[in-house]
Amino acid sequence: MIELNAPDQKSVRLESATAGEALEKLGLRGGALAAMVNGKAVDLYRPLTESGSIEPIGPDSEEGLDILRHSAAHLMAQAVAEMYPGTRFGVGPAIRDGFYYDMEIPGGITEEDLPKIEKEMRRIAKRAIPVERREMSKEEALAYFREKDDPYKAEIISELEEEKVSLYFQGNYADLCRGPHVPNTSYVRHFKLLSVAGAYWRGDEKNIMLTRVYGTAFGNEEALEAYIRRMEEAKSRDHRRLGKELDLFSIQAEGPGFPFFHPRGMVILNGLMDFWRKEHTKRGYCEIRTPLILDRSLWIRSGHWDHYRENMYFTEIDEQPFAIKPMNCPGGMLVYKSQIRSYRDLPMRVAELGIVHRHERSGVLHGLMRVRCFTQDDAHLYCRPEQVKDEIIGIMDLCRYIYSDVFGFKYTMELSTRPENSMGSEEQWDIAESALKQALEESGAEYRLNPGDGAFYGPKIDFHLEDCIGRTWQCGTIQLDFQMPEKFDLTYIGADGKEHRPVMLHRTILGSLERFFGILIENFAGAFPYWIAPVQVRILPVSGDFVDYAKETAQKLRAKGIRVEIDERDEKLGKKIRDAQTQKIPYMAVVGEKEMQSGTIAPRERSRGDLGSMPLEEFLEVLAGEFNPLKS
RNA sequence: GCCGGUGUAGCUCAGUUGGCAGAGCAGCGCACUCGUAAUGCGCAGGUCUCCAGUUCAAGUCUGGACACCGGCUCCA
């Protein structure tokens with residue numbers, strides 16, 4: 001006899017039952033995909049063996065969605081297995097927003113085949129084929145998949161530690177899987193196949209490339225449609241599209257990965273830099289600029305030759321080998337070394353908006369998000385060991401200000417530790433890692449650990465921004481570096497009159513100005529905040545008779561440093577408003593007979609609409625009231 | 001770099017089985033002198049990404065290069 005308690009206090013005593021039967025008795029079966037029994041997700045068909053808690057898992061929970069999507073992946077695999085005999089299967093997990101399955105399909109498929117596969121999936125789903133779990137020994141499972149000529153499954157099984165594995169059967173199809181799954185295929189109803197892509201077996205580029213089909217599934221049609229709308233929304237915000245439409249930047253065939261910034265884009269880039277400089281000056285930073293091209297010996301000394309050569313560009317000057325800088329630090333080292341430093345000089349906070357070039361593989365380039373030439377908002381902080389923690393906390397505070405206060409992003413932090421291809425002793429790494437950890441913990445902020453993902457010269461804290469439609473982007477980073485000061489023999493004279501080794505921090509906040517610009521475009525959907533908008537006010541004369549008055553008004557606004565333009569075209573007002581609106585200009589100022597006579601203007605804000613006529617002075621006050629971190 | 005897809009006017013895209021290269025928007029001109037999200041008419045605009053090949057004939061078929069798009073790997 002076992003006793004099961006539901007979350008709503010109800011309980012049942014049963015002689016023997018499956019999870020599904022128990023839920024049924026408790027009146028909780030409706031809509032459940034699986035059950036949570038004593039904190040473990042199990043199939044509804046699973047016989048219960050011990051007393052404890054039980055609750056249903058529905059498609060509205062995260063676990064339920066995962067189960068549903070995983071089952072959708074199996075359903076797709078079953079369809080493909082039937083339609084393309086000889087297909088071998090890799091892995092097919094649920095992921096954020098959907099699922100995928102990696103397969104080796106004879107003859108391959110393209111996106112045009114997806115509707116056919118979807119159709120077959122719906123056919124199978126309708127038949128409500130039971131999904132059954134069977135446990136077996138590894139040997140049995142191996143024999144099963146070997147017989148089916150499924151070497152990828154066999155490979156996974158042979159590497160599993162457990163003695164027993166579980167397989168899920170639905171009709172002729174079976175898959176190695178921990179489960180749980182939906183009771184039968186009819187539970188998977190609201191799904192869509194999205195795209196076809198290549199993916200290396202086990203994510204290793206030395207392995208064969210399998211065909212990956214992405215799809216998604218939801219508990220109801222509305223959620224599926226909402227997801228599709230969200231994807232369309234993301235597409236309409238694509239910075240490459242908006243960059244073209246708003247004439248911000250372009251990328252030309254002559255410079256793959258090397259963006260061209262147009263006048264309007266430059267306003268934003270310059271705005272970012274002005275704001276950034278102002279904030280850094282406030283916080284005790286100085287600024288330097290180091291050369292783009294430096295002698296190869298410098299890069300050998302810094303370790304980049306050994307660790308980063310693949311990503312570097314090289315050139316020659318007077319038959320001497322030089323390299324284009326992929327990072328700013330070695331140049332910065334030379335500035336530090338240009339004179340003797342005292343402990344009184346520390347901490348030194350040396351910023352550099354440094355342009356770096358990195359050879360990125362052709363397939364990874366992506367608008368402004370992934371380029372071959374970009375501007376890092378870099379800084380190197382040199383300090384005494386006891387200053388490290390406070391400096392890190394200071395950087396974290398600057399990040400908070402810029403990310404949250406100025407741009408309104410949510411963000412998370414991540415601590416990355418020693419990677420495989422690293423320089424330096426274990427002891428140094430331990431000290432560096434614990435320094436970062438300590439600063440994080442003292443700040444009280446939450447963070448994630450990402451083992452083995454540090455830079456080759458030191459551990460790091462990364463900052464991930466979340467944009468307004470939930471995507472995340474890595475921007476800022478703080479990296480502790482004990483290597484560079486050693487390699488370049490950096491010193492300062494201590495109070496004791498002896499030479500000491502400074503600790504060095506690398507850090508960026510925006511990361512790459514280019515990428516950050518791209519993120520801003522997508523986050524704001526091109527409707528930039530007033531302070532950084534390329535054009536802040538567009539004056540719209542009602543007809544040609546008012547162009548002179550428009551010009552006068554524009555002059556007055558420009559004198560106040562406001563970026564203004566006039567729409568002088570021989571078009572109707574409605575057309576001019578429409579065009580200014582699609583250009584996402586924050587303010588329009590309509591001028592016609594009435595305004596000219598009374599010396600006023602009629603402003604219109606892009607999201608609030610007509611603000612009514614007002615004297616220019618009043619409009620200037622409205623503008624002065626806009627958020628502007630350049631002025632504070 | 002790898003897998004798959006795409007490349008036609010400034011932009012977005014049509015273009016039948018190989019047979020004279022099209023539309024909308026943008027641009028320019030003319031008319032209208034206009035009041036809060038598209039006034040009308042007209043004109044101009046193309047080495048159909050590039051290089052080879054097949055063919056009487058290639059935007060269309062074949063091969064290669066380049067670029068872009070979706071992913072993988074990598075990454076700010």
Side-chain angles (χ1 to χ4, degrees), chain A residues 100 102 104-105 108-113 194-214 235 238 240-241 244-245 247 250-257 308 310-311 326-328 354 356 358-378 453 455 460 462-464 473-477 479 506 508-516 518-519 540-547 569-583 588-595 602-606 609-613:
Chain A
Y100 67 79
D102 285 348
E104 188 184 343
I105 306 173
I109 58 164
T110 70
E111 298 205 355
E112 280 163 26
D113 298 313
L194 301 170
S195 61
V196 179
Y200 299 111
W201 168 235
R202 315 204 98 173
D204 187 333
E205 62 183 328
K206 290 185 199 81
N207 289 340
I208 184 176
M209 185 160 274
L210 304 174
T211 302
R212 173 173 298 180
V213 177
Y214 282 94
K235 210 174 156 195
D238 191 311
R240 293 166 299 185
R241 169 200 173 102
K244 200 180 274 178
E245 283 173 11
D247 194 20
S250 62
I251 295 177
Q252 319 268 351
E254 288 81 353
Y308 209 71
E310 306 298 294
N311 289 294
M327 295 186 195
N328 302 303
V356 295
R358 297 182 183 176
H359 176 71
E360 299 291 349
R361 303 215 248 175
S362 59
V364 306
L365 301 177
H366 182 90
L368 295 180
M369 302 300 192
R370 193 71 184 275
V371 293
R372 285 176 169 154
C373 166
F374 59 98
T375 315
Q376 285 184 307
D377 67 320
D378 216 340
D453 210 32
K460 58 179 183 172
D462 287 326
F463 294 81
H464 296 262
W473 302 97
Q474 202 216 302
C475 290
T477 177
Q479 306 181 351
H506 308 250
T508 63
I509 311 277
L510 308 177
S512 139
L513 289 193
E514 288 76 1
R515 174 183 284 182
F516 197 77
I519 295 167
L540 314 181
V542 173
S543 81
D545 294 344
F546 314 109
V547 168
R569 293 173 309 165
D570 189 11
E571 289 287 354
K572 296 206 164 162
L573 182 61
K575 169 73 167 166
K576 293 184 182 184
I577 289 171
R578 182 187 157 81
D579 288 348
Q581 204 75 44
T582 46
Q583 285 291 303
M588 286 155 256
V590 175
V591 293
E593 184 66 34
K594 225 170 35 185
E595 287 73 23
R604 183 189 160 97
E605 201 269 345
R606 68 183 161 202
D610 192 355
L611 303 181
S613 284

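A note on names: the letters A, B, ... follow the listed sequences, proteins ahead of strands, and every chain is numbered from 1.
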(message) Could you tell me how far rG70(B) sits from rA23(B) if I compare only their P atoms? Round to whole Å.
(response) 31 Å
(request) Quote, to the nearest angstrom, the P distance that separates rG53(B) from rU8(B). (result) 24 Å
(message) Applying a 4.0 Å non-hydrogen cut-off, can you work out what Lys576(A) is touching in the nucleic acid: base, sugar-phosphate, or nothing?
(response) nothing
(request) Please work out if Gln581(A) contacts a base, only the sugar-phosphate, or nothing of the nucleic acid, heavy-atom cut-off 4.0 Å. (result) base
Pairs under 3.5 angstrom, nitrogen or oxygen only, protein versus nucleotides 38-41 of chain B, please.
residue : atom : partner   : partner atom : Å
rA38(B) : N7   : Arg578(A) : NE           : 3.3
rA38(B) : N7   : Arg578(A) : NH1          : 3.0
rA38(B) : N7   : Arg578(A) : NH2          : 3.4
rA38(B) : N6   : Arg578(A) : NH2          : 2.5
rA38(B) : N1   : Arg578(A) : NH2          : 3.3
rU39(B) : OP1  : Glu571(A) : OE1          : 3.3

(request) Hey, which sits more toward the 5' end of RNA chain B by its nearest nucleotide, Val590(A) or Cys475(A)? (result) Val590(A)
(request) Decide yes or no, distance alone: a donor-acceptor N/O pair under 3.5 angstrom between the base of rG71(B) and the side-chain of Tyr200(A). (result) no
(request) Establish whether the base of rC74(B) is bridged to the side chain of Arg370(A) by a donor-acceptor pair shorter than 3.5 Å. (result) yes
(message) Using modelled atom types and a 3.5 Å cut-off, is there a donor and acceptor pairing between side-chain atoms of Thr110(A) and backbone atoms of Glu112(A)?
(response) yes
(message) With rounding to the closest Å, how many angstrom separate the C1' atoms on rA58(B) and rU16(B)?
(response) 15 Å
(request) Find which nucleotide of RNA chain B each of Gly609(A) and Thr508(A) is nearest to by heavy atoms, and output the residue with the more 5' nucleotide. (result) Gly609(A)
(message) What's the separation between atom NZ in Lys594(A) and atom OG in Ser613(A), rounded to the nearest 0.5 Å?
(response) 4.5 Å
(request) Could you work out the separation of rC74(B) and rG18(B) based on their C1' atoms and round it to a whole Å? (result) 44 Å
Each nucleotide N or O in nucleotides 61-69 of chain B that has a protein N or O under 3.5 Å away: list the pair and distance.
residue : atom : partner   : partner atom : Å
rC69(B) : OP1  : Arg240(A) : NH1          : 2.7

(request) Report which part of the nucleic acid Val356(A) touches: base, sugar-phosphate, or nothing (heavy-atom distance under 4.0 Å, all strands). (result) nothing
(message) Within the 4.0 Å heavy-atom criterion, would you say Ala602(A) contacts the bases, only the backbone, or no part of the nucleic acid?
(response) base
(message) Applying a 4.0 Å non-hydrogen cut-off, can you work out what Gly203(A) is touching in the nucleic acid: base, sugar-phosphate, or nothing?
(response) sugar-phosphate
(message) Going by side-chain contact (heavy atoms from CB on, under 4.5 Å), name the residues that satisfy it together with Glu593(A), two or more places apart in sequence or in a different chain.
(response) Phe546(A), Gln597(A)
(request) Determine the contact category for Arg361(A): base if any of its heavy atoms lies under 4.0 Å from a base atom, sugar-phosphate if only primed atoms, P, OP1 or OP2 are that close, otherwise nothing. (result) base
(request) For Glu360(A), answer base if it contacts any base atom (sugar-phosphate contacts may also be present), sugar-phosphate if it contacts only those atoms, and nothing otherwise; contact means non-hydrogen atoms under 4.0 Å. (result) base
(request) Nearest whole angstrom, please: distance from the C1' of rC75(B) to the CD of Glu514(A). (result) 15 Å
(message) Can you list everything that forms a side-chain contact (heavy atoms from CB on, under 4.5 Å) with Ile251(A)? Sequence neighbours excluded, please.
(response) Phe249(A), Pro259(A)
(message) Using the side-chain contact (heavy atoms from CB on, under 4.5 Å) criterion, which residues pair with His366(A)? Sequence neighbours excluded.
(response) His239(A), Arg240(A), Met369(A), Arg370(A)
(request) Indicate, with a heavy-atom threshold strictly under 4.0 Å, whether Glu605(A) touches base, sugar-phosphate, or nothing. (result) nothing
(request) Would you mind reading off the distance between Arg569(A) atom CZ and rG29(B) atom P, rounded to a whole angstrom? (result) 13 Å
Between protein and nucleotides 3-10 of chain B, what N or O pairs are separated by less than 3.5 Å?
residue : atom : partner   : partner atom : Å
rC3(B)  : O2   : Gly198(A) : N            : 3.1

(request) Output yes when a side-chain donor or acceptor of Arg606(A) lies under 3.5 Å from a complementary backbone atom of Gln583(A), and no otherwise. (result) no
(message) For a quick check of understanding: with a heavy-atom distance under 4.0 Å over all strands, which category does Tyr214(A) fall into, base, sugar-phosphate or nothing?
(response) sugar-phosphate
